[in-house]
Amino acid sequence: MSDDTLLRTTPPHAVEAEGRLVGDLLVRGAEVLDLARLSSSEFYSPRAAAVWASAERLRASGQAVGGVAIVAELRGSGRLEAAGGASGVAAWLGGALGTEDVRSLAAAVREAAEARAKIVALTEARDTYLLDPAPLPVRRAKADAILAAALRPAPREEAQPEPGAPPEIDLAWLPEWLGRWAHTVEASVQVPRAYPVLLGLAAVSAALARRLEVEVRPGRREPVNLYCAPVGPPASGKTPAVNLARAPLDEWQAEARSAMAPALAYQRSAIEVAEGQRRAAVSAAAKAQDDAERASAENEAREAAARCALLAPARAPLILGDDLTPEALLQELANQSGRFAVISDEGGFLETVGGRYSRGLANLDGLLKGHSGSDVTVIRKGSGGESSVTLVRRPALTVALCLQPSALRALSRPDFKGRGLLARFVWAVPPPRLGERTGPDEGVDLDAEAVLVYRQRIRGLLGDVPKTLLEAEEGAPLVARIEARGRQILGAWHRELEPRLGPGGDLSDEGIQGWAGKAVGLAARFAGLLHRCSDVPPEGPEIAPETVERAVCLARWALGHAERVFGVALHEEGREADAGRLVAWLRAQRGELSRREIQQRCPASLRRAAVLDAALAAGEADGRIRRGTRTSPAGRPVATFAASVGAATP
């Protein structure tokens, strides 16, 4: 477009693109700000600019960004009407966009903004040259300077992350005290932020599991216990991060076992006395000389047996462990009223349940049902023919294991994947910080106050240390309810995911499909944890919509890492199988796609560069994939790919 044309036309704009970006911003929040890299000043629509500016203010103040938070900020700042009112903002809501779509729309908005800026500059230069009272040479110099600034090439954008790279977490999604603790552990221990975030959430889960449930809607409840697995190489700081996270749990457990010792000793003595009385009465009945004596002894034996039945076996409090067999896990869940946690800097627990001591035969029932909360009944026949029964009602197991990358391939065994164990974990595969850490003389000290507040808050969630058996009994769980506005946010998250789970969707692969199918429930679990440990203790059982929004942000962050795990770390398909799955996916797409577009949108297991290139090559070699060419906006040829007509998949 020439300068003369620009001066004569309506200012260029990309209002439709602005609307789609704002709609995605309301759904996905800060992630869209990062992808679009736009300023509110670049928007043509005043309403869109008002919404985008609100998101920028929320981000600058360290708050979570999302539809509910944006409307609240606009209302609080008196700018809601400028954005079209709450109904006007809601009208922008739509389906979530892909990464490449966001960048393409942002480029259109940026190009229009640059063209408008050019118009303003040309107008200013013209007015300066014609109307400024200064001498002609001065006017010409001023006009030239304005034009030079306007026509200067825009700075080159920073390089975008490699497709499939795991996203970073925003500490504003967490309660202030937990975010502050995660930040000081990240800075002092020099670990990726995901380590303390997941370990801190696991500690909260261990404190609240089975004592809190989330009512997603009437008739559907979700427990709040989590399975977490941060992944990192050796010497990446996993052990000190784990020790800091579980310290309040270890401390509470040691105090509880010590405080309960007298009551447990008394209970054991009472059981021994009652059992002795029962045995004596049974012996007396057997030795009775007449019917009256026998009847009296039998009656005494029945009363002693009833007293034994009423005296529960004495169990020391144990809420936390490192490594135990599947059988011991079920027994401890039964002993501890269904609540237990395994938090460790090693992954040996998964090796044990996978059959380390049972000739490779995995026993996963405790792990599977400990996550879902399904009742467990285990019946075993003893050597004498008698049966022993272990009954666990509503088990709530918390698991947090720090794994090494090499351990992930061992987890890709069919029984782990096929039965859905891996789909239950919140994964994190952040880039390690090895090679950039400072020495002991340059490091950052732990924020002692943040550590103290973390300890106090976790201890507060655990409750008082019990001193009697009555105090140690678990009551009915608290129920936190997600109300209508919160359910709408969860519904939007569901609608974002569901189409991607079907045939041809980028979440349709086995493994990631199972994980993503549980992502709405995961968001509900996050919402319950965030609600209960919020900075301002909740006055009622309703979970605020803003809390649900932050929980969805956490679940979306976890999805990015799960895609990485299932798409790369656990990928063991052969080249031919990869090609077949890629061909099947291409057949469901419309038109030809560039390699980058395929890498952005295809199933997660195919996104690694080496895997995708091998699959493309194999498909081209046997004619199932055809190659084409198109011209990019910059005028360069770009290779494209599509499934050949009639292409078959193996």
Asks: For Arg110 and Leu105, indicate whether the former's side chain and the latter's backbone hold a donor-acceptor pair under 3.5 Å.
Replies: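 Not confirmed, Arg110 side chain does not pair with Leu105 backbone.
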Asks: Taking the side chain as everything from C-beta on, heavy atoms only, tell me whether Val214 gets closer than 4.5 Å to Arg525.
Replies: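 No, every pair of side-chain atoms sits at 4.5 Å or beyond.
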Asks: At their closest point, which heavy atom of Leu593 faces which heavy atom of Ile598, and how far apart are they?
Replies: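 Nearest pair, atom of Leu593 first, then Ile598: CB-CG1, 3.7 Å.
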Asks: List, one per line, each side-chain donor-acceptor pair under 3.5 Å for residues 487-494, sequence neighbours excluded.
Replies:
from   : atom 1 : to     : atom 2 : distance (Å)
Arg487 : NH1    : Ile482 : O      : 3.0
Trp493 : NE1    : Ala519 : O      : 3.2

Asks: Is there a donor-acceptor contact under 3.5 Å from the side chain of Arg75 to the main chain of Glu81?
Replies: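 It does not hold such a pair.
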Asks: Measure from the side-chain N and O atoms of Tyr454 to the backbone N and O of Ala245, and report whether any donor-acceptor pair falls under 3.5 Å.
Replies: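 Yes.
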Asks: Between Arg57 and Ser77, what is the shortest heavy-atom contact and its length?
Replies: NH2-OG, 4.1 Å
Asks: If we ignore hydrogens and angles and just use 3.5 Å, is the side chain of Glu549 paired with the main-chain N or O of Ala69 as donor and acceptor?
Replies: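 Yes, the answer is positive, given that a donor and an acceptor are paired below the 3.5 Å cut-off.
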Asks: Nearest 0.5 angstrom please: Arg28 CZ to Asp34 CG, how far?
Replies: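 Interatomic distance, Arg28 CZ to Asp34 CG, rounded to 0.5 Å: 10.5 Å.
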Asks: Evaluate the side-chain proximity of Trp177 to Ile458: yes if any heavy-atom separation is below 4.5 Å, no if none is.
Replies: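 Ile458 reaches Trp177 side chain to side chain.
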Asks: Within the 4.5 Å heavy-atom criterion, are Val552 and Phe526 side-chain neighbours or not?
Replies: no
Asks: Could you measure the distance from the CG atom of Leu497 to the CG atom of Leu559? Nearest 0.5 Å is fine.
Replies: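 Taking CG in Leu497 and CG in Leu559, the distance rounds to 6.5 Å.
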Asks: Between Arg595 and Gln600, is any pair of side-chain heavy atoms under 4.5 Å apart?
Replies: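 The answer is no; the side chains never approach within 4.5 Å.
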Asks: Answer yes or no: is there a side-chain heavy-atom contact under 4.5 Å between Arg116 and Pro12?
Replies: yes
Asks: Tell me, with the steps shown, if Ser594 and Arg596 meet side chain to side chain donor-acceptor pair (under 3.5 Å).
Replies: CA-CA 5 Å; Ser594 69; Arg596 181 175 179 79; over 6 Å; no
Asks: So Val342 and Thr398, side-chain contact (heavy atoms from CB on, under 4.5 Å) or not? Walk me through it.
Replies: CA-CA 6 Å; Val342 178; Thr398 295; over 6 Å; no
Asks: For Glu215, is there any backbone N or O sitting under 3.5 Å from a side-chain donor or acceptor partner on Arg220?
Replies: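 Absent.
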Asks: If you measure from CG on Leu507 to CH2 on Trp515, what distance do you get to the nearest 0.5 Å?
Replies: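 So the gap between those two atoms works out to 9.5 Å.
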Asks: Would a 4.5 Å heavy-atom cut-off, applied to side chains only, mark Trp173 and Trp557 as touching?
Replies: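 Trp173 vs Trp557: side chains touch.
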Asks: Say you draw a straight line from CH2 of Trp585 to CZ of Arg601; how long is it, rounded to the nearest 0.5 Å?
Replies: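 Reported to 0.5 Å precision, the distance equals 7.0 Å.
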Asks: Just by distance, do the side chain of Arg211 and the backbone of Leu478 share a donor-acceptor pair under 3.5 Å?
Replies: no
Asks: Could you report the tightest heavy-atom contact between Ala480 and His531, atom names first, then the distance?
Replies: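 Closest approach of Ala480 to His531, heavy atoms only: CB-CD2, 3.8 Å.
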Asks: Identify, with sequence neighbours excluded, every residue that meets ring pair (Phe, Tyr, Trp, His ring centres under 6.0 Å) alongside Phe425.
Replies: Tyr227, Trp427
Asks: Do Glu597 and Arg630 sit within salt-bridge range, that is, some charged N less than 4.0 Å from a carboxylate O?
Replies: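 Yes, Glu597 and Arg630 are salt-bridged.
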Asks: Strictly by modelled atom types, are Gln513 and Ser508 linked by a side-chain donor-acceptor pair under 3.5 Å?
Replies: no
Asks: Salt bridge check, Arg481 against Glu483: does any charged N sit closer than 4.0 Å to a carboxylate O?
Replies: yes
Asks: Quick check for you: to the nearest 0.5 Å, what is the distance between Arg37 atom CZ and Glu42 atom CD?
Replies: 11.0 Å
Asks: Find the distance between OG (Ser41) and CD (Glu56) and round it off to the nearest 0.5 Å.
Replies: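 If I round to the nearest 0.5 Å, the distance is 7.5 Å.
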Asks: Checking Glu213 against Arg394 for the salt bridge (Lys or Arg N to Asp or Glu O under 4.0 Å) test, could you report, in this order, the C-alpha distance in whole Å, the side-chain angles of both residues, the deciding distance, and whether it holds?
Replies: CA-CA 11 Å; Glu213 293 181 349; Arg394 292 177 33 248; 3.3 Å; yes
Asks: Less than 4.5 Å apart, any side-chain heavy atom of Arg424 and any of Leu368?
Replies: yes
Asks: Have a look at Leu174 and tell me which of Val197, Val204, Leu529 forms a side-chain contact (heavy atoms from CB on, under 4.5 Å) with it.
Replies: Val197
Asks: Which heavy atom of Leu74 sits nearest to which heavy atom of Ala50, and what is that distance?
Replies: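 Scanning both residues completely, I find the closest heavy atoms to be CD2-O, 3.8 Å.
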Asks: Is it the case that the side chain of Ser54 and the backbone of Glu73 share a donor-acceptor pair, with hydrogens and angles ignored and the cut-off at 3.5 Å?
Replies: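 Such a contact is absent between Ser54 side chain and Glu73 backbone.
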Asks: Grab the two heavy atoms, one from Gly200 and one from Leu178, that are nearest each other, plus how far apart they are.
Replies: CA-CD1, 4.2 Å
Asks: What pair of heavy atoms forms the shortest contact from Ala55 to Ile70, and how long is it?
Replies: CB-CD1, 4.0 Å
Asks: Just jot down the side chain to side chain contact (heavy atoms under 4.5 Å, CB included) partners of Ala48, sequence neighbours excluded, or say none.
Replies: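 Once residues adjacent in sequence are excluded, the partners of Ala48 under the side chain to side chain contact (heavy atoms under 4.5 Å, CB included) criterion are Glu18, Val22, Phe43, Ser45, Trp92.
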Asks: Do Val32 and Leu26 make a side-chain contact, defined as non-hydrogen atoms from C-beta onward lying under 4.5 Å apart?
Replies: no
